[in-house]
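Data block below; observations after.
Everything quoted here is computed from the prediction, not taken from an experiment. Below, all heavy atoms of this structure are taken into account, side chains as well, without hydrogens, waters or symmetry copies.
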Amino acid sequence: VYTRIATNNVRDHGRAKVGDTVTVTFMANEDLRSGSSAKPVVRIAGKAATVTGSSTSWSASYVMTATDLAGSVGFSIDSASDLAGNALASAPVTAATVGLSTVVFDMAAPSIDSVFAYSNHPNHSLAMIGNTVIMTFTASEYVQQQFDRLPVVTIDGRVADSVAPGLTVRSFVAMQKMKLTDVEGFVPYTISGMYDLADNMQVGTTAGVTEVLFDKKPPTLNSIVPSVGPHTGGQLITLSGTNYRENAKIYVNGQECINPTLGAYGNEISCTTPATVEVLNEDGTECNETDLYKYHTDKQPVINTVSPSLCPSSGCKIVIAGQDFCEPVVTVGGLPCPLILYNLTTIVCNAPAAVVPGYAAIVVNNSIFNHTTAEHMFLYQGPRPTFTSINPEYGPESGSTAVTITGTNFAVGATVTIGGVACADVVATNYTITCTVPGGPNGPADVVITNPDQTTLTQSGAFSFQGSVPEITSISPNAVSLTAASVTITVQGRNFRSGMALALGGRKCTSITINAEGTMLTCIIENLSAANADDSSAGPVVVAASNRDGTSKAAGSAFYFQGTPPTASAVSPATISQYGAATITVTGTNFRTGAAVTVDGSVCFNVAVTSSTSLTCLAPPASEAVLAKLTSATALVPVAVGVTNIDLTTTSLASAVSYIPSYSPDPAQTATSSALISSGWAVAGLLIVAAVVILIVVLRRRRAGRNTPVTTPRNPEGADAKPTPETPADAVKP
């Protein structure tokens, strides 16, 4: 018999609690009887189990109850028989007989064994606002510590900020930062929702009180008796207020008072010394008072510093540091500065709003009429200047550029620096400043405006000192395919500077490197194939070089993006007259507007791209080399036809068309040639070419007339022409 025992406990199939089902599964080496009175008999935890199954596979189940014994759950297969009635050979079968571990039955809920709490206050048994109370508690048995099985903990009536597993499988740590809304006194807690390993949940809630005392009330100071004493100190003073405690510390003018003694009910405490009084309880709560105790002095007050030294026109709080201040009265710019606090060395007061921006005298009058004045230690500031524009934004490195700066809150007497050097001839109004820019190194420069009240404005890179304009002389390669992933190009020229930008047809070239002389750069055109799903951007593009100083230069048609190359598959008609001027049609693919056509290397005129697969043009006259081969009326001289798109992609079809001899120019061709000349081509150039061609033809005919018999040439229509004698040179019409 093969057996297995497990539970339906969702946390641990090896543990069971009350209500969990323990199941023993077993297999026989042959089919067992399955009748109600003949099927196997199984006991689990000593109780009859419900048996189900057939053939060789069986299972027995039992639901654990509170009457079962805690601990290991045993089982026993007491009887079974095969189909022939043979009984189980080794009955009973138990965990011991098959060497199988058992399920552990745990019906006891976990409880709290111990709780220990402390705070992160220097005195761990005290806590004030902002301190954290840390509580460690231990369970009576091993407990689950997964995130979804953490217990619920409250500290001082609030759910703890955090609960985490402790150092053992029985402990947890809970933390809470104390707040103003928490209740004073010894901090209470509650713990609920713990689960043991069998998933038994803690019964009810464990509540208690820690030994941490939460004290959120700071001490208060209402009066000091006596309130005046000698500046040499040594006088016994009594402070009256609330919330004083044993071991409280008193500071007078920053020094600890001697022998503090707590009075009855915690509302009086006495010590020896005078000045700015600070009371600090043992738990760290504090209170500051400054005008309850005063020194007698006959010394002239001294002002050492004023902080801040700059103040908005609306006023601000200032701290006057010095010495021998005694019941002072302070004015700023002739207006009262209401006191916030003071002692012998420090005055804090609220400077009033300014009448006008600028320096304001600070006067300190002591109670015995000694006084002192600080004329230039304090400055009222108006609103800060703002920047709108500078015109022009560029100027030569040599300087002397007159600029106008627009904005707001400029003041008469303002200064301007550009690139750290003072601008000359500054004239400021509320909204504009004009000045002459000094010289500076090539590149952007910061514009800094400073008003007389020291309010400043910095506009980074608002002005640029310009060097010579960048110029491009050559690009290699000067054409790249739009199907390329990326291409590195080299640009020759001058006045290239670090940080310059280069764009080819609006597409930025990246990873620019420039040689030390500024005459050559290399860069990468990236993602050509990804950015060009078609050939719409093929052709010549403008190359623009821009230095950081704003100098730039654009070169047109210096670079080409190449699309799919053209192909030529056929030319019609198949023959043309040696005089040319016949319209030919080239058939192929990928023809683009602006394409050029050559016939035997000579330009074909009036090219018209009718579609991407067809174009027409007027064929040129035959070249001298072709004419030399046209020695008979039936001669054919095949020549190549080439097509070059505007992106410099090209194709050539060999023997695409043939020149044939023609001894009398066709009038229609002559008229077409005349129309070609008037179509806008350079008249003088075409006349020269025509004259040369005619001269060659005349000379050849004269030689032919002297040395060869008269032949019957075939006219363009294919009909036989009548024999003609040699034609005089002056009778030949162009």
Side-chain angles (χ1 to χ4, degrees), residues 112-139 143 145 147 150-168 170-194 202 205-222 239-257 260-269 271 276-290 341:
I112 302 298
D113 267 5
S114 62
V115 176
F116 173 71
Y118 62 97
S119 81
N120 64 348
H121 188 279
N123 184 336
H124 295 321
S125 63
L126 296 173
M128 62 180 186
I129 295 172
N131 285 146
T132 298
V133 174
I134 301 102
M135 191 173 76
T136 300
F137 54 94
T138 304
V143 290
Q145 295 181 319
F147 176 78
L150 292 175
V152 177
V153 181
T154 67
I155 298 176
D156 207 2
R158 291 190 293 118
V159 175
D161 295 337
S162 65
V163 178
L167 297 177
T168 70
R170 294 173 53 199
S171 64
F172 294 92
V173 177
M175 297 184 182
Q176 176 126 295
K177 189 174 183 179
M178 304 307 291
K179 298 181 178 179
L180 177 64
T181 54
D182 292 330
V183 179
E184 281 193 307
F186 289 99
V187 177
Y189 67 88
T190 65
I191 304 170
S192 62
M194 280 195 311
Q202 173 190 356
T205 299
T206 300
V209 178
T210 69
E211 295 181 354
V212 176
L213 177 63
F214 176 49
D215 180 8
K216 65 180 180 181
K217 292 181 181 178
T220 63
L221 179 57
N222 298 328
L239 291 71
S240 297
T242 59
N243 302 319
Y244 301 150
R245 292 191 176 87
E246 201 68 48
N247 299 322
K249 295 180 180 180
I250 304 171
Y251 294 89
V252 180
N253 199 29
Q255 296 181 348
E256 189 172 352
C257 214
T261 304
L262 183 64
Y265 310 110
N267 56 12
E268 284 188 354
I269 193 167
C271 65
T276 299
V277 179
E278 178 180 70
V279 180
L280 183 67
N281 278 337
E282 184 183 17
D283 63 5
T285 54
E286 61 181 342
C287 170
N288 293 300
E289 295 291 344
T290 59
L341 59 87

**Study point:** Trace of the side chain to side chain contact (heavy atoms under 4.5 Å, CB included) decision for D215 with M128
**Key:** CA-CA 5 Å; D215 180 8; M128 62 180 186; 5.7 Å; no
Exercise for review: Evaluate the criterion side chain to side chain contact (heavy atoms under 4.5 Å, CB included) for residue pair M194 and T206; output intermediate values, then yes/no.
Suggested key: CA-CA 10 Å; M194 280 195 311; T206 300; over 6 Å; no
So, the side chain of [X] versus the backbone of [Y]: is there a donor-acceptor pair under 3.5 Å, distance only?
{"X": "E268", "Y": "G263", "result": "no"}
{"X": "T138", "Y": "S114", "result": "no"}
{"X": "K216", "Y": "I129", "result": "no"}
{"X": "Y118", "Y": "L126", "result": "no"}

Point to revise | ring pair (Phe, Tyr, Trp, His ring centres under 6.0 Å) partners of F214, counting only residues at least two apart | key: none
Of all heavy-atom pairs between [X] and [Y], which one has the smallest distance, and what is that distance?
{"X": "S119", "Y": "N123", "result": "OG-O, 3.8 Å"}
{"X": "A248", "Y": "P260", "result": "O-CG, 3.7 Å"}
{"X": "M178", "Y": "A127", "result": "CG-CB, 4.4 Å"}
{"X": "V163", "Y": "L150", "result": "O-CD1, 3.4 Å"}
{"X": "I191", "Y": "P151", "result": "CG2-CB, 4.3 Å"}
{"X": "L239", "Y": "C271", "result": "CD1-SG, 4.5 Å"}

Side chain to side chain contact (heavy atoms under 4.5 Å, CB included) partners for [X], two or more places apart:
{"X": "T136", "result": "V173"}
{"X": "V183", "result": "D156"}
{"X": "E211", "result": "none"}
{"X": "T210", "result": "A117, M135, V187, Y189, V212"}

Point to revise | salt bridge (charged side-chain N to carboxylate O under 4.0 Å, His left out): pairs with one or both residues in residues 178-193, sequence neighbours excluded | key: R158-D182, E184-K217
Close side-chain approach of [X] to [Y], heavy-atom, < 4.5 Å:
{"X": "T132", "Y": "K177", "value": "yes"}
{"X": "F137", "Y": "V153", "value": "yes"}
{"X": "K249", "Y": "E256", "value": "yes"}

Check your understanding: If you round to the nearest 0.5 Å, how far is CE of M175 from CD1 of I134?
Key -> 5.5 Å
Review point. Just how far is it from atom CG of N120 to atom CG of N131, taken to the nearest 0.5 Å?
Key: 5.0 Å
Exercise for review: Before giving the answer on side chain to side chain contact (heavy atoms under 4.5 Å, CB included), spell out for F172 and I112 the whole-Å C-alpha distance, their side-chain angles and the decisive distance to 0.1 Å.
Suggested key: CA-CA 11 Å; F172 294 92; I112 302 298; over 6 Å; no
